[in-house]
Amino acid sequence: MLELISEYASFLLKAEDTHVAIEPITKIFPSITVDEAYQIQLEQIAAKVKKGRKIVGKKIGLTSKAMQNMLNVKQPDYGHLLDDMLIIDGETMSLDGLIQPKLEFEIAFVLKKDLKGPVVTFQDVIEATDYVVPAIEVIDSRIENWNIKFEDTVADNGSSARAVIGGKPTPISDLDLSLLGMAVYRNGQLFDTAAGAAVMANPIHAVAWLANSLAKYDISLYKGEIVLSGALTAAVPVTSGDTFTAKFDRIGEVSLTIK
């Protein structure tokens with residue numbers, strides 16, 4: 001089994017490097033378990049860290065009921081954020097190096113102390129959070145045509161590719177994140193709105209879930225790390241020349257232009 005895990009980790013790493021998607025892992029390896037899918041993810045992250053990349057945080061996905069129903073699952077998933085995945089707020093991003101990218105708009109947490117499960121609570125997350133800011137996650141699938149099941153996206157690092165952190169750092173104690181509103185604009189035109197309650201009723205629940213889930217693999221959330229807490233709206237396909245801006249109540253805005 002370890003051989004298979006290494007083989008599929010290599011397939012995904014090659015797909016990312018060559019920008020050529022592969023068949024769904026669940027088609028090639030139909031008996032794959034969620035735990036094996038996470039082991040494939042972790043093997044890829046270990047290989048990248050060995051080459052000098054640094055883990056700077058984590059991302060949570062599938063936090064909405066609609067997305068969970070689409071993949072027939074009852075839980076979120078997660079992936080890792082690496083230093084070379086971060087993009088400066090307002091910067092222009094080239095589509096070179098990506099296969100089939102989409103954007104998600106969410107609330108990011110920055111931690112001021114470590115969080116280690118498996119019994120992290122809602123209050124623990126509040127106490128461990130330095131501040132929150134708006135974020136854009138660029139998701140991308142190394143699986144052909146986004147033809148994914150839950151185990152595919154787990155193995156593929158939660159389908160993560162890039163992240164933009166913007167806004168103004170705001171203490172979590174000053175906010176009710178469930179009521180925090182967001183409006184998203186494409187080229188200055190409003191096209192979607194949402195509130196923090198779209199993410200597990202409150203994004204704080206998502207961060208607690210993440211800390212407790214990571215404990216299974218003896219992984220912590222560390223001081224200084226960024227946690228993307230999950231998309232407030234459906235993912236948006238991108239087109240060259242578009243500028244996207246997500247404006248949030250009280251915590252500012254974040255934007256990204258596609259080249």
Handout entry: Cluster overlap L98 with L13, hydrophobic side-chain contacts below 4.5 Å
Key = no

Taken in chain and number order and not counting sequence neighbours, the residues that satisfy salt bridge (Lys or Arg N to Asp or Glu O under 4.0 Å) with K112 are none

Do side-chain atoms of D114 reach the backbone of K223 as a donor and acceptor pair under 3.5 angstrom?
yes

Which of I148, N147, D152 passes side chain to side chain contact (heavy atoms under 4.5 Å, CB included) with S141? Answer is I148

- Message: Regarding T153 and S159, do their side chains bring together a donor and an acceptor under 3.5 Å, going by distance alone?
- Response: yes

F248-F105 aromatic ring centre distance below 6.0 Å: no

One should read off an interatomic distance between L214 CG and K58 NZ, to the nearest 0.5 angstrom, of 6.0 Å

Regarding E137 and S160, is there a side-chain donor-to-acceptor distance under 3.5 Å anywhere? yes

Query raised in the report: Is it true that the NZ or CZ of R186 lies under 6.0 Å from the centre of F244's six-membered ring and within 45 degrees of the ring axis?
Result: no

**Report entry** Under 3.5 Å donor-acceptor, N157 side chain and G79 backbone
**Finding:** no

In short, A206 meets V199 closest at the heavy-atom pair CB-CG1, 3.9 Å

Output yes when a side-chain donor or acceptor of E104 lies under 3.5 Å from a complementary backbone atom of A235, and no otherwise. no

So, are D218 and K116 salt-bridged, with charged N and O less than 4.0 Å apart?
yes

Let me check something: do V138 and I99 share a hydrophobic cluster, defined by ILVMFWY side-chain heavy atoms less than 4.5 Å apart, either directly or through other members?
no

Ring centres under 6.0 angstrom apart (F29, Y8) | yes

One should read off an interatomic distance between L177 CG and I172 CD1, to the nearest 0.5 angstrom, of 5.0 Å

**Asked** Side chains of S6 and E43: closer than 4.5 Å at any heavy-atom pair?
**Response** yes

Distance col, row D156:CG vs I25:CD1, nearest 0.5 angstrom, shows 7.0 Å

ask   = So, the side chain of Q44 versus the backbone of A155: is there a donor-acceptor pair under 3.5 Å, distance only?
value = yes

For this session: Show your working on side-chain contact (heavy atoms from CB on, under 4.5 Å) between I40 and I32 and close with a plain yes or no.
Result: CA-CA 10 Å; I40 292 170; I32 186 173; 3.8 Å; yes

Is any side-chain heavy atom of Y78 closer than 4.5 Å to a side-chain heavy atom of Q41? yes

Any side-chain heavy atom of L82 sitting closer than 4.5 Å to one from I45? yes

Self-check item: Check: W209 main-chain N/O paired with N212 side-chain donor or acceptor under 3.5 Å
Solution: no

Report yes if some heavy atom in the side chain of S220 is under 4.5 Å from a heavy atom in the side chain of L115; otherwise report no. no

(message) Is the shortest side-chain heavy-atom distance between M182 and T233 below 4.5 Å?
(response) yes

To the nearest 0.5 Å, atom CG of L210 lies from atom CD1 of I60 at 4.5 Å

**Prompt:** Would D176 and S178 count as having a side-chain donor-acceptor pair, cut-off 3.5 Å?
**Reply:** yes

Exam field: side chain E225 to backbone Y222, donor-acceptor pair closer than 3.5 Å
yes

Note to self: Test your reading of the model: is there a side-chain donor-acceptor pair from Q39 to the backbone of D35, 3.5 Å cut-off?
What the structure shows: no

*Basic-acidic side-chain contact under 4.0 Å: D174, R250*: no

Sorted by chain and residue number, the side chain to side chain contact (heavy atoms under 4.5 Å, CB included) partners of S255 (sequence neighbours excluded) come out as D89, T245

Are V49 and I5 linked, directly or through intermediate hydrophobic residues, by side-chain heavy-atom contacts shorter than 4.5 Å (ILVMFWY only)?
no

- Task: Consider only side-chain N and O atoms of T243 and T257, and report whether a donor and an acceptor are under 3.5 Å apart.
- Result: yes

Check: V110 main-chain N/O paired with D130 side-chain donor or acceptor under 3.5 Å
no

Do the side chain of D140 and the main chain of A161 share a donor and acceptor less than 3.5 angstrom apart? no

Residue pairs meeting ring pair (Phe, Tyr, Trp, His ring centres under 6.0 Å), one or both in residues 124-154, sequence neighbours left out, come to none

Practice task
Answer with yes or no whether the hydrophobic clustering places I55 together with I87; edges join I, L, V, M, F, W, Y residues whose side-chain heavy atoms lie under 4.5 Å apart.
Solution key: no

Margin query: A side-chain contact here means heavy atoms from C-beta on lying under 4.5 Å apart; do L81 and L228 qualify?
Written below: yes

Nearest heavy-atom contact between P76 and T63 is CB-CG2, 4.3 Å

State, yes or no, whether a side-chain contact exists between I251 and V133 at a heavy-atom distance under 4.5 Å.
no

query: Any donor and acceptor pair, going by atom type alone, linking the side chain of S94 with main-chain N or O of T92 inside 3.5 Å?
result: no

Heavy-atom closest pair (A21 atom, Q100 atom, distance to 0.1 Å) is CB-NE2, 4.4 Å

When R53, K51, K48 are each screened for salt bridge (Lys or Arg N to Asp or Glu O under 4.0 Å) with D84, the one that passes is R53

| Any luck finding a side-chain donor-acceptor pair between T33 and E151 under 3.5 Å? | no

(message) Under 4.5 Å between side-chain heavy atoms, counting indirect links through other Ile/Leu/Val/Met/Phe/Trp/Tyr residues: same cluster for I139 and I136 or not?
(response) yes

Taken to the nearest 0.5 Å, the spacing of I204 CD1 from I126 CD1 works out to 4.0 Å

Do the side chains of L103 and V184 get nearer than 4.5 Å, heavy atoms only?
no

Problem set entry | cation_pi(K247, Y185) dist<6.0 Å, angle<=45 | yes

